[in-house]
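Comments concern the structure below.
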Amino acid sequence: MDILDPAGGTSTASRQLAPRPQALGGLVIGILDNSKPNAAALLEAVAGALRERFGTGGVRAWQKPGASTGAAPAVLDEIAGACSVTLTASAD
Amino acid sequence: MATVVLGTDEFYPLARAQALANGLPDLPVVTVPHPIGGIAEKAVALKAAPVVAQVAAALTSVAASARQIAPAALSARHSAPDDLDAFQGWIMEQGWGDGLPVVPPTAERVRRMLAGARRAPDELVALLPPRLGQATVERVAVNAVMAGALPEHLPVVLAAVEAVTDPVFNLQAVQTTTHPCSPLIIVNGPIAARLGINAAGNALGQGARANAVIGRALRLVLQNIGGARPGREDRATHGHPGKFAYCLAENEAASPWEPLSIERGFSRDDSTVTVCASEGPHNVNDHGSTTAEGILATVAGSAASVGSNNIYLGGEPLVVLGPEHAATVAAAGWSKDDFRRALWERARVPIGRFAPENLERFATIYPEGFKDAPAEALAPIARAWRDIMVIVAGGAGKHSAVIPTFGMTRSVTRRIAG
């Protein structure tokens, strides 16, 4: 028998990933903590190691207002203005 | 700006689904072994070290061929086994079942279902996260057929789908959280009796078709259209049995007070659904009390819980008063609001009962309530008395139920069309 699809389409349009820099030397790293326990610790540890091993520049950090709340567009703009690359976290 | 997402391996499927829903199927997601929460910071750093080179590589190079997302075909049909027993195995293999037998959504059955709602089949009701699936009237009808619903149930299901997509409900989080919550559908108004939605004995249990199939239809919509698949994007640590179906009507006839729908500005002629992202019901047994104060003490003691989301995130804990408990409370001259106020004052947890490390976390999330609070201070179960929801439901007996919610969510009431 034929049945109708229970999932259907999505309204997602493909988007381009942001261009990547050639090298990380001297670049300011942004951190967007998703407010889950120890997410900041993980992100900071990775950012610190990037500085040691790849010579990245400063680190600036932001935090989402809550684990289940998205960052405000203005905050995302601020991060984009202040940093060259960003590390963020998903889920637990 | 070049971005890399970090997470734990357990939650990788959810991170991938998020990236896809945002149109970025190749967004780099780098994982460390789960968990990072609840372990020492030093242990987190040890987990971070091995992925640093991978993060650096992902920040400086993009996958050679960024994939395009194939547009999903509309009204796609699938060839399924004719044999009903074989069909049950097949539908589970597709990831579209909930474990119980499913009614095959043939074009003919879906056509009959659509007759229950006077709406265009291709009308978009909502976009459902995390997949951002298009919940058209027809697609909702497909899932309603699968759940065993009848055409007259469809308007209730559609109203519930509209309700859960109100931004204040926070469906994205409700769908993907580790917390055991599921939208409880509370039906008010004349439609409840017309459809036989049980408001009385065993209202939250088995035995009434309308409760079962309406609740189940919403779950299948959320799982299939929304793409919250158990163990994948739906990250519930345990879930709860109400995730199969969670629907009841308020027992308006047995309530001494105005029903929830009237409280929320609807009329007696309106039929409504209210959805709240709810845990399973926890029983409140009080066979002894003959006073409002007595019932209050027992409900408050059951609701004041150290491990609930509402205690630190806020939101709207729900109390389902059994009609006999409600009558005892009302006999003292208490209005529903009197009971809510008194419950808010009474249902509190002494700060000293929380684990110190957990308290530290609460203090960063809700400093007003927990930062530097002395051990004898009391934490209420909601931020304000009006946040405590009270309905009357159930049959004979000296029981009520407390139902904590997800916290970062608000209940939503919508009128049922037709």
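Hydrogens, waters and symmetry mates are skipped; everything else that's a heavy atom, side chains included, is used. Proteins get letters first, then strands, A, B, ... in listed order; numbering begins at 1 in each.
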| Separation of B/Thr3 OG1 from A/Leu87 CG (nearest 0.5 Å) | 8.5 Å

| message | Please find the pair of heavy atoms, one from B/Gly226 and one from B/Gln175, that lie closest to each other, and give the distance. | response | CA-NE2, 4.0 Å

| query | Among B/Gly37, B/Ala80, B/Ala49, B/Gly133, which residue forms the greatest number of heavy-atom pairs with chain A at distances under 4.5 Å? | reply | B/Ala80

| request: Give me the contact list for residues 56-77 of chain A versus chain B, heavy atoms only, anything under 4.5 Å, ordered by residue number. | output: A/Ser68, A/Thr69

| request: Determine the option with the most heavy-atom pairs under 4.5 angstrom with chain B, choosing from A/Asp2, A/Asn38, A/Leu43. | output: A/Asn38

| query | Checking B/Leu127 against chain A: side chain, backbone, both or neither under 4.5 Å from a heavy atom? | reply | side chain

| query | Does the pair B/Arg361/B/Glu357 count as a salt bridge with the N-to-O cut at 4.0 Å? | reply | no

| message | Ignoring hydrogens, what is the shortest heavy-atom contact between B/Arg16 and B/Asp26? Give both atom names and the distance. | response | NH2-C, 4.0 Å

| field | Interatomic distance, B/Arg410 atom CZ to B/Thr405 atom OG1 [nearest 0.5 angstrom] | value | 8.5 Å

| remark: For B/Phe406 and B/Asn170, the nearest pair of non-hydrogen atoms, with its separation, is CE2-ND2, 4.3 Å

| field | Step-by-step salt bridge (Lys or Arg N to Asp or Glu O under 4.0 Å) determination, B/Arg77 to A/Asp5 | value | CA-CA 6 Å; B/Arg77 287 169 189 244; A/Asp5 188 300; over 6 Å; no

| task | Look at B/Gly7, B/Gly95, B/Ser79 and state which one has the largest set of heavy-atom pairs under 4.5 Å with chain A. | result | B/Ser79

| query | Which atoms form the tightest heavy-atom contact between B/Trp96 and B/His78, and what is the distance? | reply | CH2-NE2, 3.5 Å

| field | Contacting region of B/Val140 [heavy-atom separation from chain A under 4.5 Å] | value | neither

| Could B/Arg235 and B/Phe11 be counted as a cation-pi pair, given that NZ or CZ must be under 6.0 Å from the ring centre and within 45° of the axis? | yes

| message | Report which part of B/Thr178 has an atom under 4.5 Å of a heavy atom belonging to chain A: side chain, backbone, both, or neither. | response | side chain

| Heavy-atom proximity to chain A below 4.5 Å, by part of B/Pro35 | neither

| message | Report which part of B/Tyr12 has an atom under 4.5 Å of a heavy atom belonging to chain A: side chain, backbone, both, or neither. | response | neither

| field | Proximity breakdown for B/Val52 and chain A, heavy-atom pairs closer than 4.5 Å | value | both

| note | Answer key: most heavy-atom pairs under 4.5 Å with chain A among B/Thr106, B/Leu27, B/Val51, B/Leu132 is B/Leu132

| field | Check: A/Ala18 main-chain N/O paired with A/Arg20 side-chain donor or acceptor under 3.5 Å | value | yes

| Interface residues of residues 22-36 of chain A facing chain B - non-hydrogen atoms under 4.5 Å apart | A/Gln22, A/Ala23, A/Leu24

| request: Provide the closest heavy-atom pair for A/Arg53 versus B/Ala53 in the form atom of the first, atom of the second, distance. | output: NH2-CB, 3.8 Å

| query | How far apart are the C-alpha atoms of B/Gln18 and B/Glu233, what are their side-chain angles, what is the distance that settles it, and do they pass the side chain to side chain donor-acceptor pair (under 3.5 Å) test? | reply | CA-CA 9 Å; B/Gln18 283 309 125; B/Glu233 299 85 3; over 6 Å; no

| CD/B/Glu138 to CG/B/Leu124 distance, rounded to the nearest 0.5 angstrom? | 12.5 Å

| Neighbours of chain A found in residues 39-47 of chain B - heavy atoms under 4.5 Å | B/Ile39, B/Glu41, B/Val44, B/Ala45

| Which atom pair, heavy atoms only, marks the closest approach of B/Thr60 to B/Ala56? | OG1-O, 2.9 Å

| field | Contacting moiety of B/Met1, where chain A heavy atoms sit under 4.5 Å | value | both

| query | Would you say the side-chain atoms of B/Thr177 pair up with the backbone N or O of B/Ala173, donor to acceptor, closer than 3.5 Å? | reply | no

| Results of ring pair (Phe, Tyr, Trp, His ring centres under 6.0 Å) for B/Phe362 - residues two or more places apart only | B/Tyr312, B/Phe354, B/Phe370

| said: Given 3.5 Å as the limit, does a donor-acceptor pair link the side chain of B/Gln134 with the main chain of A/Gly8, or not? | reply: no

| Using non-hydrogen atoms only, which part of B/Asp82 is less than 4.5 Å away from chain A: side chain, backbone, both, or neither? | both

| task | Name the member of B/Thr176, B/Leu313, B/Leu59 that forms the most heavy-atom pairs with chain A at distances under 4.5 Å. | result | B/Leu59

